[in-house]
Amino acid sequence: MTRSKRIAGTIAHRSAILVYIVVALFPLYWLLKVSVTPNDLLYSEGVRLWPSHASVDHYLFVLKHSDFPRFFQNSVIVSGSTAFIVTILASCAGYALSRFAFRGKYWIVILMLLTQMFPLVMLIAPIFKMLSPLGLTNSLTGLVIVYVAFNVPFATFLMQSFFDGIPKDLEEAAMIDGATRFRAFSQIILPLTLPGIAATLGFVFTAAWSELLFALMLISSSGVSTFPVGLLSFVSKFSVDFGQMMAAGVLALIPACLFFLFIQRYLVQGLTAGAVKG
Amino acid sequence: MTTVAQHARLPSDHRPFLRRLATASEPWLYSAPALILIVAVMLVPLALGLSYAFRDVRLLNPFSGGFVGLQHFETLASDKNFARALKNTLFWAGASVFFQFTFGLILALLLDRPFRGRALAQALVFLPWAVPSFLSGLNWAWLFNPVVGPLPHWLTALGIFDAPTNLLSDPQNAMWGPIIANIWWGIPFFAITLLAALQAIPRDLYEAAAIDGANAFQRFWSITLPFLAPTIAITVLLRTVWISNFADLIIVMTKGGPADRTQIVASYIFTQAFRRLDFGYASAIALVLLLLLMAYSLLIVLLRQTMLRRA
Amino acid sequence: MASIDIADIRKAYGPVHVLHGIDLSIHDGEFVVLVGPSGCGKSTLLRMIAGLEDISAGEIRIDGRRVNDLEPKDRDIAMVFQSYALYPHMTVAENMSYSLRLRRTAKERIAAAISGAATKLGLDALMARRPRALSGGQRQRVAMGRAIVRAPKAFLFDEPLSNLDARLREQMRGEIKKLHQSLGATSIYVTHDQIEAMTLADRIVAMNAGLVQQVGSPLDLYDRPANLFVAGFIGSPAMNMFNGTYCANSAGPAIEVQGGTRIPLQRQHQIADGAAITVGIRPEHIPVGATNDAGIRCKVELVEPTGLGTILHIRPFGTTLKAFTLNRDVSGSDAVTIRLPAEWLHLFDAQSGQRLP
């Protein structure tokens, strides 16, 4: 290849990357821009890339005079508990799938794959009917139970892939050194899986943080609304206050982005483990 | 030297019953909590939902609950909205997957080449994947909104729109709104998966091909594509199923409107259950959707079998 | 230290049988090497002794005590893995002390045990390091150290040297032998490398296809291989094999090979006249002489210098044979004379592959 051709290729390559970056970031940038645009400039400076003066008024209002702090707190509680419980259950189940050859294993895998295949929206009505007599609608506990069940299969496959990456020799060495299988699991295997556990926590947290449909169906009082439900009802109620909505949107984005940076290294493993999951 | 009767033929070994039970149950103990939860919160409702399809279950009517046979399905057969939702689902899934895959593959190929700042570029272009789906829906709805969003103005300036109107309220083209949001949100998924597959291709194959005199396009055609084919096939097929069921963006952006023009089957089910609280009818639609998806999966399996047999 | 007795051990994974009944008695303090090609069942046997694989049938006793139902942790054995299996999140000292800590040994005794082992293996300077920061040879030493701190009843080695380069392998081989001499511990060592087996073993157990082929001292197996498998497996370069017919005529017993050449034998064998037999002779046992010496004349086809001497490829009667000679001045197209001395010939039944009595 000639020199000039190579340089042209490089320029084309970098420009293409740049286009992708701009497209990926532009919507988020616009969210941020509107959220710091004072109301009086919102309409007069509609398509300007940055308002002539910025303010954090919308944020202050959202934090002080709206229900969003409570929605935020509810979402943190729900996503945090879901992530925590799922990770424990999935570690155990993933370990069993990774380390034991047993009758029924095949069927467990089939069962878990099936749960990833059928449309969850099918379950909205029956789950509502089941939870309501138990007093688990309009309750964060009910939401956690549902989210845990939905996320366990994918998290199990993810944890299994992490366990598969740890040589079996290590536990065998520990068992010869005098450890029971459980002790080998907890003292040798678990510490080595810590990065995987952290990634699973991150994936499940993000998934629970984003869930909308079941939260909409199961939650109707604003006191136990999660962030998506709160934001959506805010949108339908006060659909003129764009600045405040977008400020709230930016706030909802923060935990998700933090977890994204945190699990970035494990994206591939996460996506292949739950190939059918988002 | 300790000796035992070296040639004694021993009967096959039987461990004590309790010990064998303990060994056999160990994996089940590890997986039981997860399994119980899956069965209770997913399989039981699934079965329940299937039974609703043949019953009159309306939340607001305390006297409902009776068996109605195939009545829901008869209604469904003449339900124009359902027919349109089916068509919309095909368009929604087909267009979304096609563009997600195309742009995802290009992005993966771009990122497969080492350059300075690749890690940062990668983090930035994958960021949309981390945006919660409801938020990307809202975000795009706002971008299409002529009051706060720039897109209608830009599209007008480019001559694509006659006037800065909201795409989402145009019955003819509203479906493109959620599809564009979905493409933006789903490109990273394909890019990440395909990038991983690309990086698993042994580099010396490219070197060997280059020495054999293959140009860049020939190398892509004869090495990259065949290696990627299995990954492409499996992700595209699974993703199609997933996206057909993915109603979040539509519910957030258009609620199926205007005039049900953007309703897909999944969002139609949700609307029936959530807004009209008609669980029976919602479950009947869900059952049909499930059957269609099963038929689709079966088709894929058969296709794969024939392809394997031919190979 | 302990003896290990293995009686009619069998292993099957469903319908696939990998061990067909192994009997073996290992004396207290003995160094036994299980050797064979990959897939012969030697590692499975070792793992069954360790308790890592269930025993399908048969019995294993350590020091007279039946251990079939004992967990690995209760068998009081130590094992060195091919991958070393060092705990990556523990330092060298922690790796070595883990078994003692699990047994709640007193701190002072642990310290004494690991410092003793460290000195013996030259690991003193590395005790605070993690396995990641060690070279392959050092990791191997730590794996050995982890085994010896506990003074177990027996040591099991599962191809411990196969991940090292040739030079280190040779060095560690010597160290393992020295260690065994100073500890005198019962050891079972699995390898596919017949040189390791020859150099280390008190007794070699040659295995193939799930069966023990021969048990004996290294020189036993070398000098009197019981069958064709052992004959071909032990020794490098491998033993030459060629086919012939047994002639028990009046002129004295002999083998007739392709082309009618007769090789005289030392004595009569209990096999019918005209029976097909396979003859083996080691390359180093074929004397190579100049053209005008007595013997079979043949041309050199290929010369492989080894430094010490030369391996010659020759074709005296239809089969290519290798002959090892200390003469380094043989070149490609020379003609030489070889002899096949009767005292060095190994005769095997061509059908059964067993050594002729």
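Convention: sequence-line order gives letters A, B, ...; per-chain numbering from 1.
With a threshold of 4.5 angstrom between heavy atoms, A/I188 approaches chain C through its backbone and through its side chain. Contact annotation for A/A174: both backbone and side-chain heavy atoms come within less than 4.5 Å of a heavy atom of chain C.
Taking C/V80, C/L100, C/D74, C/I77 one by one and counting their heavy-atom pairs under 4.5 Å with chain A, the maximum is reached by C/I77. When the candidates A/A179, A/A101, A/P167 are compared by the number of heavy-atom contacts under 4.5 Å with chain C, A/A179 comes out ahead. Ranking C/R75, C/Q82, C/R47, C/M90 against chain A, the residue ahead of the rest is C/R47, based on heavy-atom pairs under 4.5 Å. When A/Q187, A/K168, A/R181 are compared by the number of non-hydrogen pairs under 4.5 Å with chain C, A/Q187 comes out ahead. Your options are C/A50, C/A147, C/A143, C/P88, and the one with the most heavy-atom pairs under 4.5 Å with chain A is C/P88.
A/D177 pairs with exactly one of C/R150, C/R101, C/R103 by the salt bridge (Lys or Arg N to Asp or Glu O under 4.0 Å) rule, that one being C/R150.
Within a 6.0 Å sphere centred on NZ of C/K177, heavy atoms belonging to other residues, nucleotides or ligands number more than 12. The environment of CZ in A/F182 is sparse: at most 12 heavy-atom neighbours from other residues, nucleotides or ligands sit within 6.0 Å. Heavy atoms of other residues, nucleotides or ligands lying less than 6.0 angstrom from CZ of A/F102 number more than 12.
Separating the CE atom in A/M175 from the CG atom in C/L102 is a distance of 12.5 Å, to the nearest 0.5 Å. Atoms CG and OG, on A/L170 and C/S83 in that order, are 7.0 Å from each other to the nearest 0.5 Å.
Among residues at least two apart or in separate chains, ring-ring contact (aromatic ring centres under 6.0 Å, His included) pairs with a member in residues 86-123 of chain C are C/Y87-C/Y98.
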